[in-house]
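Excluded from the calculations below are hydrogen atoms, water molecules and symmetry mates; all remaining heavy atoms, backbone and side chain alike, are included. Starting from 1, each residue takes its place in the sequence as its number. No experiment lies behind these values; they were computed from the predicted model shown.
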Amino acid sequence: MLAATVRVTRDLDLAEECTQDAFAKALQSWQADGIPARPGAWLTTVARNRAVDLLRRESTLRRVLPSLVVPESVPGPEELPDRYAIDDDRLRLIFTCCHPALAKDAQVALTLRLLCGLSTAEVARAFLVSEQTMATRVSRAKKKIATARIPYRVPGVGELPARVGAVLEVLHLLFTTGHTTPIGAQLVRQDLVDSAIGLTRLVGQLLPGRDEVAGLLALMLLIDARRDTRFDADGRFVALPDQDRTRWDRPKIAEATELLATSLRRRPTRYAVEAAIAAVHAEAPTWAATDWTEIVGLYDVLRRLWPSPVVELNRAVAVGMRDGAAAGLAALDPLLAEPALATYGYLSAARGDFLRRLERWPEALSAYAEALALTDNEVEREFLNGRLAEVRANLGE
């Protein structure tokens, strides 16, 4: 809805206002008249009609936006398909948010806010900054789009190569945000996961043969292949070592493996190496059979392609799986001074796991408690509370 409405307004704030108005109108109208046969088309039409009305009435907007607004007739509800140009419109919105005139962090933050529908607080949590800082960042990015008259369109073929890197980074973050939501009562937002996969496929159609696109799609498919095994019958989180691998989606893994082979024929990209790590897990029949030596080697390649504290954290965990908990703990220790990980709960959780395996119960208790304090997702909090209960039991509490 938002992406389709931006086509009319060419103004992000106005488009958000119109989509909110459409939902408010639906709450009133549908109670009296019933839900229409195609609610998505109904909502999109109402939002677009509202946008056209506002643009016609507001003289200030007519003066500010005359060169941005393209007059177009608004079809009636029956003329709109159920998913009115949703893929193309979302892709246009991504490319608008990822325009090179915007700073990289603003590109990602704006896309998470608009395309994912995350609250400002959730986006701030993902960036490890305050809500006020993120609100200012998003507001400045919107103003930049308006003042620079950034066009709402998918770039031409000649412009795509220079823009695709930012778009893929956003799609990767869209996927990871859906795979493990930072805040809330649910661990997964499957709508975001499916959107990320679908849009990555669409970028692949625009840029056939691009290794980084194939690598990213392979990574998404390999991780999403585990979706049905991440929870037990009661909805509790199941960690990777305990998942039933016979229930992993093998056709999805096969497609990903073929994509990965294609993307690795030439110079490997960051996403291809990440996908290769996921493929090692997918190929292992059991957790105990996982080839941790190969995984550590792949992380060594990844840290050169994409230096990141999170990569170092994941590599340290893999070292611990290969060489034992004491080695893993030693590999994690240097990261305790890394500012970017100061509020990253997974570092404390990883330390807690190694300390638990070493039966260093008081230290494990402290590490898990710290991880719990840094975690806002309720499903992950429940899992950490279970670990804490196990540690306390061993302490005799």
Side-chain angles (χ1 to χ4, degrees), residues 86-88 90-91 93-95 97-98 107-108 111-112 115-118 126 160 163-182 186-231 237-238 240 243 245 247-265 268-284 295 298-299 301-302 305-306 308 310-311 314 346 377:
I86 190 67
D87 289 332
D88 287 342
R90 285 188 172 181
L91 199 60
L93 185 56
I94 289 177
F95 274 104
C97 293
C98 292
Q107 294 175 0
V108 178
T111 308
L112 287 175
L115 190 74
C116 307
L118 298 184
L160 277 173
R163 302 273 291 278
V164 72
V167 170
L168 293 182
E169 185 171 337
V170 164
L171 290 174
H172 180 247
L173 191 51
L174 174 63
F175 177 85
T176 56
T177 302
H179 182 261
T180 306
T181 56
Q186 61 186 55
L187 182 66
V188 178
R189 280 193 57 184
Q190 199 60 48
D191 59 325
L192 298 187
V193 171
D194 292 340
S195 290
I197 292 174
L199 288 167
T200 304
R201 289 188 188 279
L202 195 55
V203 174
Q205 293 172 20
L206 290 169
L207 292 167
R210 288 294 293 257
D211 294 339
E212 64 267 47
V213 182
L216 178 57
L217 182 56
L219 173 62
M220 292 177 176
L221 292 174
L222 284 164
I223 294 174
D224 192 48
R226 312 170 194 155
R227 72 161 74 173
D228 293 336
T229 63
R230 296 181 70 203
F231 302 94
F237 174 68
V238 178
L240 183 59
Q243 291 177 10
R245 297 176 180 229
R247 295 175 54 217
W248 286 359
D249 190 329
R250 290 298 159 184
K252 196 170 285 185
I253 291 172
E255 180 188 358
T257 302
E258 185 175 345
L259 286 165
L260 180 58
T262 299
S263 66
L264 289 174
R265 286 174 187 164
T269 67
R270 160 201 165 184
Y271 300 117
V273 176
E274 289 185 88
I277 293 169
V280 175
H281 286 293
E283 292 166 359
I295 289 177
L298 288 168
Y299 273 120
V301 175
L302 183 59
L305 293 174
W306 185 44
S308 161
V310 174
V311 171
N314 290 332
Y346 295 123
N377 183 278

| query | Just by distance, with hydrogens left out, do R230 and H179 show a side-chain donor and acceptor under 3.5 Å apart? | reply | yes
Do [X] and [Y] have side-chain heavy atoms sitting under 4.5 Å apart?
X	Y	result
T180	L187	yes
R226	L240	yes
L217	V213	no

Taking side chain to side chain donor-acceptor pair (under 3.5 Å) as the test, write out the residues that go with [X], two or more places apart.
X	result
E212	R210
Y299	none
N377	T181

Provide the closest heavy-atom pair for [X] versus [Y] in the form atom of the first, atom of the second, distance.
X	Y	result
L260	A279	CD2-CB, 3.9 Å
F231	V238	C-CG2, 3.7 Å
A272	L264	CB-CD2, 3.7 Å
Q243	W248	OE1-NE1, 3.3 Å
L222	A275	CD1-O, 3.2 Å

| said: Just to verify, which of V311, L219, L305 counts as forming a side-chain contact (heavy atoms from CB on, under 4.5 Å) with V273? | reply: L305
Under 3.5 Å, side-chain donor or acceptor atoms of residues 193-204 against the rest of the protein: list the pairs with distances, not counting sequence neighbours.
| residue | atom | partner | partner atom | Å |
| --- | --- | --- | --- | --- |
| D194 | OD1 | Q190 | NE2 | 3.3 |
| D194 | OD1 | R227 | NH2 | 3.1 |
| S195 | OG | R90 | NH1 | 2.7 |
| S195 | OG | D191 | O | 2.9 |
| T200 | OG1 | A196 | O | 2.7 |
| R201 | NH1 | E255 | OE2 | 2.7 |
| R201 | NH2 | E255 | OE1 | 3.3 |
| R201 | NH2 | E255 | OE2 | 3.2 |

To the nearest 0.5 Å, what is the distance between [atom1] on [X] and [atom2] on [Y]?
X	Y	atom1	atom2	answer
R245	E283	CZ	CD	11.0 Å
T269	L302	OG1	CG	10.0 Å
L171	T176	CG	OG1	10.5 Å
I253	I223	CD1	CD1	11.5 Å

| T262: partners by side chain to side chain contact (heavy atoms under 4.5 Å, CB included), with sequence neighbours left out | R265
| query | Got a donor-acceptor contact below 3.5 angstrom from the Q186 side chain to the V188 backbone? | reply | yes
| field | side chain to side chain contact (heavy atoms under 4.5 Å, CB included) evaluation trace for H281 with I295 | value | CA-CA 9 Å; H281 286 293; I295 289 177; 3.6 Å; yes
| task | Identify, with sequence neighbours excluded, every residue that meets salt bridge (Lys or Arg N to Asp or Glu O under 4.0 Å) alongside R270. | result | E274
| request: Please work out which of the three classes, parallel, tilted or perpendicular, describes the rings of Y271 and H172, given edges at 30° and 60°. | output: tilted
